[in-house]
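Heads up: numbering here begins at 1 and tracks the sequence.
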Amino acid sequence: MNEAQIISWVRKMTLSHNALLQARRAAALPRGLVSAFPVFAVRAENSELWDIDGGRFIDFAGGIAVLNTGHRHPAVVAAVQAQLAAYTHTAFQVVPYEPYVALCERLNELAPFSGDAKTILFSTGAEAVENAVKIARAHTRRTDVIAFTGAFHGRTLLASALTGKIAPYKKKFGPMPSGVWHVPFPVPQHDVSVADALDAIDRLFRADVDPTNVAAIIIEPVQGEGGFHPAPVELLTSLRRICDEYAIVLIVDEVQTGFGRTGKMFGVEHSGVEPDVITIAKSLAGGFPLSGVVGRSDIMDAPEPGGLGGTYAGSPIACAAALAVLDVIDKEKLLERANTIGTVARGELTRIAQRNDVVPIGYVRGPGAMVAFDVLKARGADDPDADATKRVIQAALKSVLILLACGVHANTIRLLMPLTIPDAILAEGLAKLENALTAAR
């Protein structure tokens, strides 16, 4: 054997670095923390990443919608490096700093509602949601919150209560905080209409909770973990009317839909409905932990001084990254790019759905580049196939494509490629997806 053959043989006879790290992971971490794939990243660039064994992958997950501007965008990296050279932490509540203020000013200008806005920054999406509820309660002097089935709002205790799915988010975690109510989210293929949702709210007000005790209604403009189902305009319009009638705060959770993913800066802008408060996170800071609450000034000023904040909230590093992200979205026209990517992806998926030699798929949907489809047991039917969905995900990984599933029936595959993905890699990734749908049949 020559040297290359010997090296290849040795590699085959030895555990991979991924396998060794997986064994270490299993011994050191609790089973409640799940990783979708047994590959460990060592490098990433835009829409590609490489694992510790040298494998190259096309990333259609984007760190769960965090990387709209791609892995390690040069402008974001440069901004972070400059901030690192200045200072890394002071705690804004102790010694404030300009990047925090500058970012809030820009977010206030982008707020998807009329009138004056104010912003406060945090670290995670769940933290933003929790604080949005605190702000709504302080403003209204009320306690209860209405959310939707299928919703995902985070993993902290209140955010888990707001989330509309038991397993795995609530299972074994004991009683959830009180005062949280769920109504059905309209999904045509699940036989739930807007009328059903509104009737449920009406019944709720008549049977379980006085609307004068409701502080907020919270909704995602496109459900994320729930299956990438857009909230119908009719529903959002009706919620705005209900909130106005009863002086309830309308919170729109833009954690996954914000910053260009849907082809608008914020997903709710597709409806023309103005919320009172939005929660933001994920793609705000290009991979750095940062979240926030943006709301109407009078609502945001309701909590007492010192009632809001956090030690790491609004990290100067993350603020610098976020300011660069907003520049990139503008300069590289990523809103338009999201619509282009979405048109290509939906077109390819619609074509693939017509094939007889692939796993049956249907209900291709989603605004902008927030695209998803369902894996079904039979072509033209509605029955979900979670097992086939798992096979597609695994077949895609073998083809070096990273995909994520979601949905209340675990049969939805969502596409979250960076909005900066080159056309050639987008085409390559969609071709690999088609191959996976064939291989999983």
Side-chain angles (χ1 to χ4, degrees), residues 44-48 59 62-89 92 96-113 117-125 128 254-269 278-294 313-342 367-370 416-423 425-426:
E45 198 76 33
N46 198 350
S47 53
E48 301 169 274
D59 188 0
I64 317 181
V66 168
L67 299 167
N68 287 357
T69 53
H71 291 276
R72 299 179 64 249
H73 192 288
V76 175
V77 171
V80 167
Q81 288 174 335
Q83 184 59 51
L84 279 170
Y87 55 91
T88 61
H89 177 76
F92 192 79
Y97 35 88
E98 184 180 7
Y100 189 120
V101 177
L103 178 58
C104 290
E105 288 172 338
R106 292 187 66 175
L107 291 170
N108 292 340
E109 291 175 0
L110 294 169
F113 48 77
K118 289 190 175 181
T119 297
I120 183 169
L121 302 175
F122 300 101
S123 299
T124 70
E254 293 274 2
V255 167
Q256 189 160 168
T257 50
F259 303 101
R261 174 55 54 182
T262 69
K264 299 281 190 181
M265 185 61 75
F266 300 109
V268 73
E269 292 180 276
I278 63 170
T279 57
I280 54 175
K282 289 193 180 285
S283 278
L284 168 59
F288 289 85
L290 187 66
S291 67
V293 180
V294 185
S315 155
I317 304 295
C319 287
L323 287 165
V325 163
L326 295 179
D327 287 341
V328 170
I329 291 173
D330 181 43
K331 292 177 182 177
E332 299 188 14
K333 296 180 170 42
L334 293 189
L335 303 187
E336 293 91 334
R337 178 63 177 162
N339 289 318
T340 299
I341 290 170
M370 194 167 181
L416 288 166
M417 65 285 285
L419 305 181
T420 51
I421 187 171
D423 287 341
I425 296 180
L426 174 62

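Side-chain contact check for L84 versus I317: some heavy-atom pair is nearer than 4.5 Å. Residues V80 and F288 have side chains in contact (heavy-atom distance under 4.5 Å, counting atoms from C-beta outward). Counting heavy atoms from C-beta outward, I329 and N68 have side chains that stay 4.5 Å or more apart. Side-chain atoms of L290 and L103, non-hydrogen and from C-beta on, do get closer than 4.5 Å to each other. At least one side-chain heavy atom of Q256 sits under 4.5 Å from a side-chain heavy atom of L416. By the 4.5 Å heavy-atom criterion applied to side chains, F92 and L121 are not counted as neighbours. No side-chain heavy atom of S123 sits less than 4.5 Å from a side-chain heavy atom of S315. Under the 4.5 Å side-chain criterion, counting only non-hydrogen atoms from C-beta, T119 is not in contact with V293.
The CD1 atom of I341 lies 14.0 Å from the CE atom of M370; values are rounded to the nearest 0.5 Å. Taken to the nearest 0.5 Å, the CG atom of L335 stands 11.5 Å off from the CZ atom of R261. Separation of atoms CG (N339) and CZ (R337) is listed at 11.0 Å; rounding is to 0.5 Å. Atom CG in L419 sits 12.5 Å away from atom CZ in F259 (nearest 0.5 Å). Here OG1 of T340 is found 8.5 Å from CG of D423. Values are rounded to the nearest 0.5 Å. The CE atom of M417 sits 10.0 Å away from atom CG of D59, with the distance rounded to the nearest 0.5 Å.
By the neighbour-count criterion of 12 heavy atoms within 6.0 Å, atom CD1 of I64 is sparsely surrounded, having that number or fewer from other residues, nucleotides or ligands.
Checked by atom type and distance alone, the side chain of T262 never pairs as donor or acceptor with a backbone atom of G258 at under 3.5 Å. In this structure, the side chain of S291 engages the main chain of T124 through a donor-acceptor pair within 3.5 Å. Side-chain N or O atoms of E254 include one that pairs as donor or acceptor with a backbone N or O of V268 at under 3.5 Å. Side chain of Q83 to main chain of Y87: a donor-acceptor pair is present (N/O by atom type, distance under 3.5 Å, no hydrogens or angles). The closest donor-acceptor contact from the side chain of T279 to the backbone of A128 lies at 3.5 Å or more, if one exists at all. Formation of a donor-acceptor pair under 3.5 Å by the S283 side chain with backbone atoms of V66 is found in this model.
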**OP:** Step by step, work out the side chain to side chain donor-acceptor pair (under 3.5 Å) result for T420 and N46.
**Re:** CA-CA 7 Å; T420 51; N46 198 350; 2.5 Å; yes
Subject >> side-chain contact (heavy atoms from CB on, under 4.5 Å) assessment of E332 paired with T69 >> reply: CA-CA 10 Å; E332 299 188 14; T69 53; over 6 Å; no
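Salt bridge R106/D330: absent, no basic N to carboxylate O contact under 4.0 Å.
For A321 against A285, the heavy-atom pair with the smallest separation is CB-O, 3.5 Å. Between V325 and G286, the shortest heavy-atom contact is CG2-N, 3.5 Å. When all heavy atoms are compared, the tightest approach of Y100 to C319 is CA-SG, 3.8 Å. The two residues P112 and I278 come nearest to each other via the heavy atoms CD-CD1, 3.8 Å. For the pair G70 and P418, the tightest heavy-atom approach, listed with the atom from each and the gap, is CA-CB, 3.6 Å. What you find for E45 and H71 is that their closest heavy atoms are N-CB, 3.8 Å.
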